Amino acid sequence: DFSHSFCLVCQGPPVWHKNYPVAQGNRQSPIDIIPHQTSHDPGLGPITLNYDQCTSINITNNGHSVVVEFEDPDDRSVILGGPLDNPYRLKQFHFHWGGKGCHGSEHTVSGNSYASELHLVHWNAVKYKTFGEAATAPDGLAVLGIFLETGDDHRWLHMITDALYMVKFKGSVTDFKAFNPKCLLPSSLHYWTYLGSLTTPPLHESVIWIVLKEPIIVSEKQLGKFRMLLFTGEEEDERIRMENNFRPPQPLKGRKVRSSN
Ligand SMILES: COc1ccc(/C(C)=C/C(=O)O)cc1
Ligand SMILES: [Zn+2]
């Protein structure tokens with residue numbers, strides 16, 4: 001049971017390799033991105049996010065994070081272009097964050113971490129029949145990573161934070177319709193991209209990462225609402241706050257990080 005999978009006391013990232021040896025693999029995520037060591041690839045085009053027909057379904061606390069899930073029966077909401085050879089279907093998005101006042105992003109930039117990181121998870125439905133199958137394939141998933149920095153209130157994030165009280169406990173889920181994550185994008189879609197993995201068990205090495213350079217700004221108050229979520233279920237006596245649910249940077253192992261420009 002990985003409900004305490006981030007809580008460092010019990011079963012945090014350092015012990016994941018016992019159950020998931022791939023944790024010590026050659027394309028693990030996240031990584032520290034060092035901008036001047038990335039290679040600018042003129043052949044790397046812009047990414048396009050076609051989210052206008054997206055259909056959000058619900059918001060849930062899965063014991064690792066808070067996740068908004070989408071209908072994915074067709075190419076109604078896809079990411080395409082950039083390093084991707086096919087359109088990838090939006091499946092879900094979720095967040096990683098720290099404790100009060102400390103940082104919680106997964107990727108770091110020149111050793112610096114942001115307050116939080118949003119992951120929009122997409123899968124290659126051209127080559128694979130299901131999300132589960134794509135999640136184990138080397139080109140199966142494309143995750144768009146967006147850094148969150150603290151400052152003013154984010155004008156749309158309240159739509160998510162207002163729903164968090166409904167999914168306080170691990171395993172809770174509630175309806176969450178008509179939410180378009182386009183409202184959570186920064187103004188620039190310039191990005192870094194590299195081949196990596198899921199950052200929570202099963203840590204499959206199946207992700208083409210696209211990390212946006214420009215963070216979005218959210219307030220400390222908005223971020224604080226994520227920390228009222230719990231890693232633990234309603235039936236458990238112990239109540240463990242969901243915070244610091246980020247995996248630290250992993251060895252680059254010779255990988256190249258490309259820059260869109
Ligand atoms: C097939 O099981 C899966 C479990 C988790 C995930 C994700 C999307 C993990 C992560 O966000 O790091 C995918 C598939
Ligand atoms: Zn994630």
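Residue numbers count from 1 along this sequence. What you are looking at is a predicted structure, and each value in this text was computed from that prediction instead of being measured. Whatever order the structure lists ligands and atoms in, that order sets their numbers, starting from 1.
When non-hydrogen atoms are compared, ligand 1 lies under 4.0 Å from neither the backbone nor the side chain of His119. Of the heavy atoms in His94, only side-chain atoms (C-beta onward) come closer than 4.0 Å to ligand 1.
For atom 12 (O) of ligand 1, the nearest non-hydrogen atom of the protein is Thr199 N, 3.0 Å. Protein heavy atom in closest approach to atom 14 (C) of ligand 1: Phe131 CE2, 3.7 Å. For atom 6 (C) of ligand 1, the closest non-hydrogen atom on the protein side is Leu198 CD1, 3.8 Å. When only non-hydrogen protein atoms are considered, atom 1 (C) of ligand 1 lies nearest to Ala135 CB, 4.2 Å.
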Item to check | Derivation and outcome, side-chain contact (heavy atoms from CB on, under 4.5 Å), residues Ile210 and Ile79 | outcome: CA-CA 10 Å; Ile210 298 169; Ile79 181 172; 4.0 Å; yes
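Residue contacts with ligand 1 include Gln92, since one or more of its heavy atoms lies under 4.0 Å from the ligand. At a 4.0 Å cut-off, at least one heavy atom of Pro202 sits close enough to ligand 1 to count as contact.
Taking the six-membered ring where the residue is Trp, His119 and Trp209 present perpendicular rings, their angle passing 60° and hence far from 30°. Using cut-offs of 30° and 60° on the angle between ring planes, the pair Phe176 and Phe179 is tilted.
Test Glu106, Arg247, His64, Gln28 against Thr199 for side chain to side chain donor-acceptor pair (under 3.5 Å) and you get one pass: Glu106. Of the listed residues (His107, His94, His103, His96), just one forms a side chain to side chain donor-acceptor pair (under 3.5 Å) with Glu117, and that residue is His107.
Under the 4.5 Å side-chain criterion, counting only non-hydrogen atoms from C-beta, Asp139 is in contact with Asn124.
Checking only distances, Thr200 does come within under 3.5 Å of ligand 1, N or O to N or O.
Between the Zn ion (ligand 2) and the N, O or S atoms of His94, the shortest distance is to NE2.
In summary, the aromatic rings of Phe226 and Trp97 are positioned with their centroids under 6.0 Å apart.
Rounded to 10°, the angle formed at the Zn ion (ligand 2) by His96 NE2 and His119 ND1 is 100°.
Side-chain contact annotation: Ser259 with Lys213, donor-acceptor N/O pair under 3.5 Å present.
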